[in-house]
Amino acid sequence: MWLVKIIGYALAAMYPVLIFFAVCVFHFPLRLISLMLLVFAASILLIRREKISAASFVMGLIAVFVIITNSEAVLKFYPVIINLLFLCTFALSLRERGGIIYTFAQLGDKTIKWNAHQGGIQDYCRKVTYVWCMFFVFNAAAACYTVFLQETSVWALYNGLVSYLLMGCLFAAEFICRIKMQKKLSKMISLSAMTAESRNADDIICYAGTFSDGNYKRWKDYLRETAAVREFINRKAVDKIILHSDDFWYFIVALTAALQCKKEVYVSSNYSYEFIKTLIDEKTLCLFDTDSEYAASISSVIAETQPVHDTALPPVARDAHVYLFTSGSTGEPKGVLHEINELEDDNDSIGERWRGDFQKRILVSSVNPHHAFGIVFAAIKPFLYGVPFRRERITQPDDFLYLGSEKYIFITTPSFLKMSTKDPSLTEAVKTVRDIAIVTAGGVLYRNEAQSVCDCYGSFPLEIYGSTETGAVGWRINRDDESEWWTPTHGVRTELGDDGCLIFYCGAIHGGVFHSSDLAQLRDDGKFKLLGRKDSIVKIAEKRVSLIEVQNRIRQTGLAEDAAVFALASEKRQYLAAVVVLSCEGRSILENKKHAERVKLFRSQLGAFLEPVTIPRRWRFVSELPYNGVGKLQKQEMVALFDKEIEE
């Protein structure tokens, strides 16, 4: 069958040359030529009964007419009719957006259906279809003109050579244009350069639920909703915006709208009133995705505000201020200043290295956008690169059962990955989606853990090292001895301080340099191996937690005279433990209470200030803390208090 197809295509392509030699060189009778063509066409049609070949059908039809008329001109009409058939096919396909060229493109690249630039690709393919229609009109007219010339050699030259050269030139020109178009579509567009025309109206920005459900937010929705939020902000006499939203769509809309209004943005994962009131003044506006007495609901703002201006995007200054909160060494949360260009440029070497693969995927995240890793990898970068992102966060591995079979980028944490690899039922849920590119940060994966993740998800995770202050400054894929070492990202220079801790130099770091509290081993090529933390900042479920802050919050309840907080580890996870000396007020309230009741009261008090994961999980109440002779706490004595279980 394949041999017949090759012969058929060859004869169809060489038709003008064969006719020229048959008529002008060998002087075969026209009816003999037509009879041979008829036999060939009939053979093709009989062999391919399930699918009629248009070229063979036209060839047979012309052969019949030549046998009847004995006209050389009829024999020459084959190229004209073929061009007209192509013209009709391409022109009729324009009833659908993108036309037949878009259909061809989808056959060649299955990922187009979830590409954020799907609308732009369709528009481009539609234009290419129009160009081919014009070519077929021209080519049919030229072929028809050569039919009535006296010189058969001219007809054969044009239809057997020139028309194919023209077609080849058109293919080459379209290929060059396509490459330029692809580069334009795949290029990151910074907020400072973004305009209303940067994307096509129907380009997909994000999706809800499962991608195949078709519940999309498109570029036109972004223009409309940011315009509404800008209108709302501009009506307020404010200088700064406090932003909290677990919905990634509302987060991006509110963040960019606030920056377009030239406001400072404070991104906070803690939205309790006790914390927020420490930031609020008369020039502050809170935008949350939840209803609150002291904050405006982003969804309500969008629904109720009618923009009076058009949807043109105001420029965002590259030095616009965004504050991300982290636990400071003083025990109080501190806002770390980032200019928006620093967040945009963060992890550029990582983004550029894997961009080609990432842009053929859609994004889902288990981390929220309120921390450095989440805001960069799960919100800002996907938006700027045009990667469709899921507006809801993945909370359990079971959620993969409902995601469908698309290719995913998964932004997550080591604790989530470990959880999904230890429970067989969760592992099976993850395996329903096998083609996943994983990016993780907030902790480390040991070799055996990385291998377990690969066995479960089908690929080794790309681990990111960094902090709120630095952004992404290192990466690794821990699959062998060499890859245990972290590679600095492009533009980052490392050295060790006198205290053995890493120092990072990078233009993307605000101030250009950052002294970390991470002890490390450093190689001559700049790669480093982490040896542990020096300061009192610990990581609980991939969140940086200041032990000093937690201790201070316990004292501030008024129920504790003194407190010590430290990290303990079980087989499943690391958590905080607290040893507390009750104050006079605390003793009067809690002296006759059971241990569980004491813990419940402290946890409820701390809930107004701390995130749930940062509240100590286990508690002990003592008459005094074990200080040594020089005033230092004896940690081992405190740890020993937890060796004996108490009903909690």
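Excluded from the calculations below are hydrogen atoms, water molecules and symmetry mates; all remaining heavy atoms, backbone and side chain alike, are included. This is a predicted model, so every value here is computed, not measured.
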* Asked: Do I205 and D221 have side chains that get closer than 4.5 Å, going by heavy atoms?
  -> no
* Under a 4.5 Å cut-off applied to non-hydrogen side-chain atoms, are E611 and S269 in contact? -> yes
* Asked: Under 4.5 Å between any side-chain heavy atoms of L502 and L530, yes or no?
  -> yes
* Parallel, tilted or perpendicular: which fits the ring planes of F528 and W486, with parallel below 30° and perpendicular above 60°? -> parallel
Run the side-chain donor-acceptor check on residues 635-642: report pairs under 3.5 Å with partners two or more places apart or on a different chain.
none

* **Pairwise side-chain contact, I380 with L191, heavy-atom cut-off 4.5 Å (strictly under)** => no
* Are side-chain heavy atoms of F460 and V453 found at a separation under 4.5 Å? -> no
* Side chain of R218, backbone of D203: donor and acceptor closer than 3.5 Å? -> no
* To do: Without swapping roles, check the side chain of E392 against the backbone of G209 for a donor-acceptor pair under 3.5 Å.
  => yes
* Not counting sequence neighbours, which residues clear side chain to side chain donor-acceptor pair (under 3.5 Å) with T440? List them please. => none
* **side chain to side chain donor-acceptor pair (under 3.5 Å) between T210 and S212, intermediate numbers included** => CA-CA 5 Å; T210 300; S212 58; 5.3 Å; no
* Under 3.5 Å: donor-acceptor pair, side chain of Y124, backbone of R178 -> yes
* Can you sort out the partners of R476 under side chain to side chain donor-acceptor pair (under 3.5 Å), two or more places apart, ordered by chain and number? => E463
* Asked: Does T470 reach the main-chain N or O of G466 with its side chain, forming a donor-acceptor pair under 3.5 Å?
  -> no
* Does any N or O in the side chain of H244 come within less than 3.5 Å of the main-chain N or O of S268, such that one atom is a donor and the other an acceptor? -> yes
* Answer yes or no: is there a side-chain heavy-atom contact under 4.5 Å between I394 and F416? => yes
* **Any donor-acceptor pair under 3.5 Å from H370 side chain to F325 backbone** => no
* **Distance-minimising heavy-atom pair for A378 and V367** => CB-CG2, 4.5 Å
* Structure fact -> Residues at least two apart in sequence or cross-chain that pass side chain to side chain donor-acceptor pair (under 3.5 Å) with E274, listed by chain then number, are K277
* Asked: If you look at every heavy atom in P382 and L363, which pair is closest and at what distance?
  -> CG-CD1, 3.5 Å
* Honestly, is R391 close enough over Y250, meaning NZ or CZ under 6.0 Å from the six-membered ring centre and within 45° of the axis? -> yes
* **Passing option when E484 is tested against R447, R479, K527 for side chain to side chain donor-acceptor pair (under 3.5 Å)** => R447
* Would you say the side chains of S297 and S299 form a donor-acceptor pair under 3.5 Å? -> yes
* Contacts of type salt bridge (charged side-chain N to carboxylate O under 4.0 Å, His left out), residue E339, not counting sequence neighbours -> none
* **With D246 via side chain to side chain donor-acceptor pair (under 3.5 Å) - residues at least two apart** => none
* Passing option when Y465 is tested against F504, W485, F373 for ring-ring contact (aromatic ring centres under 6.0 Å, His included) -> F504
* Asked: Does one side chain, of D455 or S452, offer a donor that lies under 3.5 Å from an acceptor on the other?
  -> no
* Sub-3.5 Å donor-acceptor pair from the side chain of Y408 to the main-chain atoms of L403, do we have one? -> yes
* Asked: If we only count heavy atoms from C-beta on, is the P616 to F602 side-chain gap below 4.5 Å?
  -> no
* Asked: Any side-chain heavy atom of L568 sitting closer than 4.5 Å to one from R617?
  -> no
* Asked: With respect to I438, which candidate in L417, I411, I409, L462 satisfies the side-chain contact (heavy atoms from CB on, under 4.5 Å) definition?
  -> L417
